[in-house]
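Positions are given from 1 along the sequence. Counting convention: from 1, in listed order, for ligands and their atoms alike.
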Amino acid sequence: MARILIIGAGGVGSVVAHKCAQAADVFTEIMLASRTKARCDAIAADVKTRTGQTIETAQVDADNVPELVALIKSWKPELVLNIALPYQDLHIMDACLECGVHYLDTANYEPPNVAKFEYKWQWAYQERFRDAGLMALLGSGFDPGVTNVFCAYAQKRLLDEIHVLDIIDCNAGDHGQPFATNFNPEINIREVTARGRYWERGEWVETDPLAWSMNFDFPDGIGEKKCYLMYHEELESLVRNLKGIRRARFWMTFSDNYLNHLKVLGNVGMIRIDPVNYNGQEIIPIQFLKALLPDPASLGPLTKGKTCIGCLMQGVKDGQDKSVYVYNICDHEACFAEVGSQAISYTTGVPAMIGALLMVTGVWMKPGVCNMEELDPDPFMAELNRRGLPWVVR
Ligand code: NDP
């Protein structure tokens with residue numbers, strides 16, 4: 001019997017709202033609030049049609065802490081799910097502390113004017129959350145999120161030590177658009193164009209953006225694809241929390257078409273994040289580009305094919321070398337049929353709902369700021385199978 005507030009009504013927020021409404025035995029009162037209330041209302045109407053559940057909606061500027069506090073105090077949720085953008089993380093955490101409610105998000109804080117994400121800003125809230133008896137669950141999406149849980153599961157059940165970790169994220173779907181991103185374009189492009197970084201023998205090694213690639217043969221008929229080494233936020237917490245880790249890397253597949261578009265956009269300055277004066281007005285090129293690109297939430301009816309995201313781990317079990325690959329396959333069209341969204345939003349929104357479910361039912365309730373691999377993976381793995389993201393161990 002939980003009352004929750006979801007903030008953010010984009011592609012992922014829509015999936016979170018639908019999946020929480022499907023779990024009406026747990027989430028009895030749901031409010032969806034965002035910057036543009038009309039988007040919340042459209043999602044609530046679709047939820048009503050698909051599940052019969054009523055979702056309340058509200059307008060909020062999540063960068064305005066007093067406004068957030070007023071909304072939280074009037075709705076009185078026990079948990080706030082931050083499904084807006086990484087820029088809002090600290091404001092929403094501040095509001096949760098002020099109101100005495102638990103917090104969950106899917107992406108770590110990123111300052112708007114520097115393309116850099118790091119956990120240090122959110123880890124700095126550890127004592128304040130712990131002392132208030134509140135929990136902040138960080139990164140409860142797929143990657144970060146499920147990938148952290150796959151590692152924790154391997155550490156608990158499959159290997160005694162994980163020495164080498166490769167997280168491999170493949171979107172083999174096709175939306176038929178010349179160029180579009182599967183989640184918020186600004187956040188996505190900032191991440192993809194950042195310098196690569198991986199962990200080896202106790203230190204971070206940097207690479208030029210997308211300078212390293214490998215071919216990987218994905219299961220379930222997807223076949224061989226080229227994957228590029230990137231820095232991804234879950235590496236930062238995993239290298240702290242995995243016993244014996246020697247190397248940790250993150251890879252993502254991109255088509256040549258996507259990379260060519262990105263290269264041209266970069267060359268002409270369209271992905272700059274600093275303000276540019278245009279006709280007496282300041283614009284930030286990447287934000288203008290976002291306004292031109294397809295809304296990720298609109299890709300649902302267009303996208304066909306599958307995603308495959310998983311963790312390939314080498315280590316030891318009972319003194320023997322052992323490799324395991326834990327992964328999920330998700331089908332874009334099946335996601336659209338179920339909740340009206342493509343698989344990237346789906347694979348992020350379902351784990352956010354599961355994290356919330358485990359928190360409000362007390363299964364995962366630990367005061368303080370937690371990364372996903374710090375909690376017992378078993379109940380989360382069981383819920384993945386039950387809630388639409390079944391996994392495979394090879
Ligand atoms: P969208 O851009 O589609 O949606 C973001 C939503 O947040 C929009 O509804 C937007 O409002 C709202 N919003 C933005 N700023 C504010 C604000 N100041 N106050 C209130 N609402 C605001 O993004 P996605 O749904 O694609 O992504 C959501 C989050 O999920 C991001 O943080 C992203 O990084 C994360 N993510 C995590 C993944 C993972 O696996 N862990 C994978 C993919 C995404 P408006 O409608 O007015 O624009």
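Interface of Gln88 with ligand 1, defined as ligand atoms under 4.0 Å from a residue heavy atom, comprises 14 (C), 15 (N), 16 (C), 17 (C), 18 (N). Under a 4.0 Å criterion applied to the non-hydrogen atoms of Thr36, ligand 1 contributes the atoms 45 (P), 46 (O), 47 (O). Near Ile187, the atoms of ligand 1 lying under 4.0 angstrom from a non-hydrogen atom of the residue are 34 (O). Residue-ligand proximity, Ala107 to ligand 1, at heavy-atom distances under 4.0 Å covers atoms 32 (O), 34 (O). Numbered from 1 in the order shown, with element, the atoms of ligand 1 that lie under 4.0 Å from a heavy atom of Asp63 read 18 (N).
Looking from atom 35 (C) of ligand 1 to the surrounding protein, the closest heavy atom is Thr106 OG1, 3.2 Å. In terms of protein heavy-atom proximity, atom 19 (N) of ligand 1 is closest to Ala62 N, 2.8 Å. The nearest heavy-atom contact from the protein to atom 2 (O) of ligand 1 is Asn184 ND2, 2.6 Å. The protein heavy-atom contact nearest to atom 11 (O) of ligand 1 is Ser34 OG, 3.5 Å. With respect to atom 4 (O) of ligand 1, the closest heavy atom belonging to the protein is Gly10 CA, 3.2 Å. The nearest heavy-atom contact from the protein to atom 22 (C) of ligand 1 is Arg35 CB, 3.8 Å. Ranking protein heavy atoms by distance to atom 24 (P) of ligand 1, first place goes to Val12 CG2, 3.8 Å. Shortest contact from atom 31 (C) of ligand 1 to any protein heavy atom: Ala84 O, 3.2 Å.
Here the closest non-hydrogen pair linking Phe129 and Met135 is CD2-C, 3.9 Å.
In the hydrophobic clustering (ILVMFWY side chains linked at under 4.5 Å, chained through shared members), Val276 stands by itself.
Side chains of His102 and Met365 form a contact here, defined as non-hydrogen atoms less than 4.5 Å apart.
At a heavy-atom cutoff of 4.0 Å, ligand 1 is contacted by the side chain of Thr348 but not by its backbone. When non-hydrogen atoms are compared, ligand 1 lies under 4.0 Å from the backbone of Pro144 as well as from its side chain.
Only one option out of Cys311, Cys227, Cys308 pairs with Ile168 in a side chain to side chain contact (heavy atoms under 4.5 Å, CB included); it is Cys227.
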